[in-house]
2 protein chains.
Amino acid sequence: MNIHDIARRLNISIGTISRALNDRAGVSAKTRQRVLDAAKRYGYSPNQSGRSLRRGATGMIGFMVIPNRDRTTKGEAFFMTIFDGLQSVLAAHGLDLVIHYCGADQDPETHVQRIVERRMVDGLIISQTNRSDPRIDYLIEKKLPFIAFGRSDTRRAHTWTDLDFEGVAEQSIDLLYRLGHRRIAIATAANELNFGYLYLEACRASLARHGIVLTDDLIFREPLTEAGGYSLGGRLLALRDRPTAVSLVQNTLTLGLYQRLSDAGVVPGHDLSIIGFDQSPNGDFLRPSLTQFRLSLTELGEWLGCQIIALIEARRAGRQIRHAHKIWPLQIEPGESAQPPAR
Amino acid sequence: MNIHDIARRLNISIGTISRALNDRAGVSAKTRQRVLDAAKRYGYSPNQSGRSLRRGATGMIGFMVIPNRDRTTKGEAFFMTIFDGLQSVLAAHGLDLVIHYCGADQDPETHVQRIVERRMVDGLIISQTNRSDPRIDYLIEKKLPFIAFGRSDTRRAHTWTDLDFEGVAEQSIDLLYRLGHRRIAIATAANELNFGYLYLEACRASLARHGIVLTDDLIFREPLTEAGGYSLGGRLLALRDRPTAVSLVQNTLTLGLYQRLSDAGVVPGHDLSIIGFDQSPNGDFLRPSLTQFRLSLTELGEWLGCQIIALIEARRAGRQIRHAHKIWPLQIEPGESAQPPAR
DNA sequence: AGCAGTCCCGTAAACGTTTACGAAGAAGCG
DNA sequence: CGCTTCTTCGTAAACGTTTACGGGACTGCT
């Protein structure tokens with residue numbers, strides 16, 4: 001069932017059919033209605049390949065997700081909530097959201113190349129940026145409208161957004177310092193991941209402002225999983241000069257960390273203060289409750305949607321594009337896990 | 001840069017270019033190499049829309065994900081691990097995996113209609129099936145190769161796979177009975193979700209085999225989230241004739257449940273036995289450790305990939321298709337949360 | 001009546017592929 | 001050398017749309 005079939009059935013030309021279905025001028029209200037009725041009756045809807053070919057646009061926006069080595073990209077609620085915000089904006093513009101899952105054995109760069117070369121999407125959002133991320137240069141080169149969710153060290157102009165890792169680091173360190181902590185451990189991500197680097201360096205800077213030098217023995221990098229948190233706990237406990245507090249770059253670590261401490265009879269907030277990062281359901285259901293940060297991910301998703309649409313519109317109109325950069329502030333939510341040090 | 005540009009540059013016809021790139025017969029090794037070199041040099045790769053239009057196939061396989069009301073579809077590791085297995089099989093066949101995220105405000109059925117009507121995928125996998133799921137009838141009607149991940153009450157032939165909810169229910173109940181429990185609560189999912197129904201009825205049957213009648217006051221339906229688990233804990237504690245054990249349909253409930261019990265000074269395994277369901281990272285990091293089930297999700301993903309490819313091949317070859325049905329057994333992993341009842 | 005302007009609508013040319021068909025040349029054979 | 005067979009390649013017709021263009025039928029005006 002294609003446009004010709006409908007045209008034949010209605011004794012109307014295919015041009016008119018197309019105009020009617022696409023809300024274009026030059027077709028009377030009566031025939032438009034006839035076309036719409038017929039389309040519904042015969043279950044016709046335009047073939048996307050034909051339409052894409054002619055229009056030079058697929059109507060799809062990609063979101064590329066990379067699992068880390070440990071298969072847990074982040075708390076699932078994290079991306080899901082972003083998708084919700086993004087999806088609603090895109091749908092309002094007749095665009096579809098498709099998520100490109102980059103297999104664990106696949107190279108992210110070749111994966112993005114494949115997406116671009118096959119012209120599968122009109123716009124792309126990449127996440128989990130590395131400190132040096134060739135995907136960004138590639139996408140700039142190929143002139144595909146895209147947004148990087150996460151910063152990188154490239155100097156070339158592009159749209160990006162990111163969480164305020166520096167702000168979180170500063171608030172965390174300041175709070176811990178105010179509470180009286182002087183020996184503070186930092187649990188961050190692999191250095192090649194941009195946010196791990198940012199977080200660590202911001203912590204270092206904040207500590208320095210208080211006259212504290214962050215030594216390497218207080219820097220921990222574990223897989224961002226429950227198991228990583230468990231291992232982190234063990235390593236913290238094993239230190240001969242044990243820190244009185246630890247600041248986490250991601251909440252996936254918390255559950256394992258709590259349990260490792262519990263195994264050793266160490267109470268969070270009492271014997272060791274803990275500050276988490278992004279809110280996750282976990283934080284609300286740990287005892288003692290976790291001091292962490294809150295953020296509107298739906299809003300972030302909506303922002304992504306608006307920006308990618310703006311980029312595409314600008315491209316089509318041939319306008320010069322203004323690349324937006326937005327950093328999302330996070331608000332601290334005090335819990336019981338951050339207390340003055342014991343003694 | 002399209003096929004004509006390459007043809008002009010090489011002084012070769014477009015037909016030959018196409019044949020060379022698609023590994024078809026009728027082109028000499030020398031010219032094939034020239035074409036491949038040129039394609040690489042000029043960064044050419046065939047336009048997917050044109051190719052899809054001509055071939056009548058998009059080369060993409062869809063996986064439809066529905067968030068539940070609470071935005072947490074399942075443990076994220078759950079789907080991610082499935083995607084890994086699925087993706088690797090598809091990639092080996094030159095197919096792409098795209099995930100269709102159905103927004104929280106979108107109706108799953110209209111979403112699937114949109115996917116089908118726009119001919120966006122050659123095959124589709126739907127998950128989170130309802131007991132009565134119109135998507136299945138629709139997909140059968142539209143003759144799109146698809147697999148339902150989850151059973152439903154339709155009697156029409158189609159390929160599906162599911163976890164062995166009955167087996168898990170039986171093993172759980174049997175274990176609890178053997179341990180001495182007689183008053184056992186069941187935490188299941190909304191009845192419209194097929195697995196919630198299956199699990200509940202299998203528990204009921206297993207209990208009946210031991211001469212126990214499952215009464216309504218011991219059936220709990222909470223949102224499958226940490227918050228739901230917390231609420232479940234409260235409701236269990238409030239019962240005047242408190243059960244000695246509870247069996248959970250999904251592990252997302254565990255964290256909240258543990259904390260609610262902890263708040264009340266109730267110890268899992270001692271005052272209340274708990275059996276979880278699918279393994280999740282959580283289970284390994286709860287104290288007391290959770291008795292739960294294990295399953296190879298990568299394998300499940302690979303199975304999905306092989307089956308959907310088989311369906312598509314059969315369709316193309318015009319062969320009659322044999323619809324596979326596979327139920328995945330889960331192996332119990334004893335933890336400390338299931339013990340003989342106190343007294 | 002003649003003419004300009006408006007409103008609908010049909011025609012046909014793209015968009016970038018793949019592939020059936022046929023032709024040209026080479027190779028093999030008597 | 002003539003014939004057949006095989007290999008290699010070019011030509012052109014699809015695939016299903018969208019849209020620029022032009023033409024007919026009206027309307028309104030002089």
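The model shown is predicted, which means the values in this text are computed figures rather than measured ones. By convention in this document, chain letters (A, B, ...) are assigned in the order of the sequence lines, proteins followed by strands, and residues within each chain are numbered from 1. Excluded from the calculations below are hydrogen atoms, water molecules and symmetry mates; all remaining heavy atoms, backbone and side chain alike, are included.
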| task | Can you run down the side chain to side chain donor-acceptor pair (under 3.5 Å) pairs that involve residues 25-39 of chain B, sequence neighbours left out, and say none if there aren't any? | result | B/Ser28-B/Thr31, B/Gln33-B/Asp37
| request: Quick one: sort the A/Phe78 and A/Phe149 rings into parallel, tilted or perpendicular, breaks at 30° and 60°. | output: parallel
| query | Can you check the B/Arg32 CZ to D/dT8 P distance for me, whole Å? | reply | 9 Å
| message | List the residues meeting side chain to side chain contact (heavy atoms under 4.5 Å, CB included) with B/Ile327, not counting sequence neighbours, and say none if there are none. | response | B/Arg151, B/Trp160, B/Asp164
| query | Whole Å only: how far is the CG atom of A/Asn11 from the C1' atom of C/dC8? | reply | 15 Å
| task | Using ring pair (Phe, Tyr, Trp, His ring centres under 6.0 Å) as the criterion, list what pairs up with A/Phe146, not counting sequence neighbours. | result | A/His158
| Which part of the nucleic acid, if any, lies within reach of B/Ser52 when heavy atoms closer than 4.0 Å are counted: base, sugar-phosphate only, or nothing? | nothing
| Got more than 12 heavy atoms from elsewhere within 6.0 Å of CZ, A/Arg322? | no
| remark: Going 5' to 3' through nucleotides 13-19 of chain D and flagging B where a protein heavy-atom sits under 4.0 Å of the base, S where only the sugar-phosphate is that close, and - otherwise, we get BBBBBBB
| request: Work out how much the helix from C/dA1-D/dT30 to C/dG30-D/dC1 bends between its end axes, five pairs an end, to the nearest 10 degrees. | output: 50°
| field | Interatomic distance where CD belongs to A/Gln33 and P belongs to C/dC9 [whole Å] | value | 13 Å
| said: Heavy-atom count check: over 12 atoms from other residues, nucleotides or ligands less than 6.0 Å from A/Arg41 CZ? | reply: yes
| request: Take A/Phe63 and A/Phe79 through the test ring-ring contact (aromatic ring centres under 6.0 Å, His included) and record every step on the way to the result. | output: CA-CA 10 Å; A/Phe63 192 114; A/Phe79 279 113; 5.8 Å; yes
| message | The criterion is side chain to side chain contact (heavy atoms under 4.5 Å, CB included); which residues satisfy it with A/Ser18, sequence neighbours excluded? | response | A/Ile3, A/Asn22
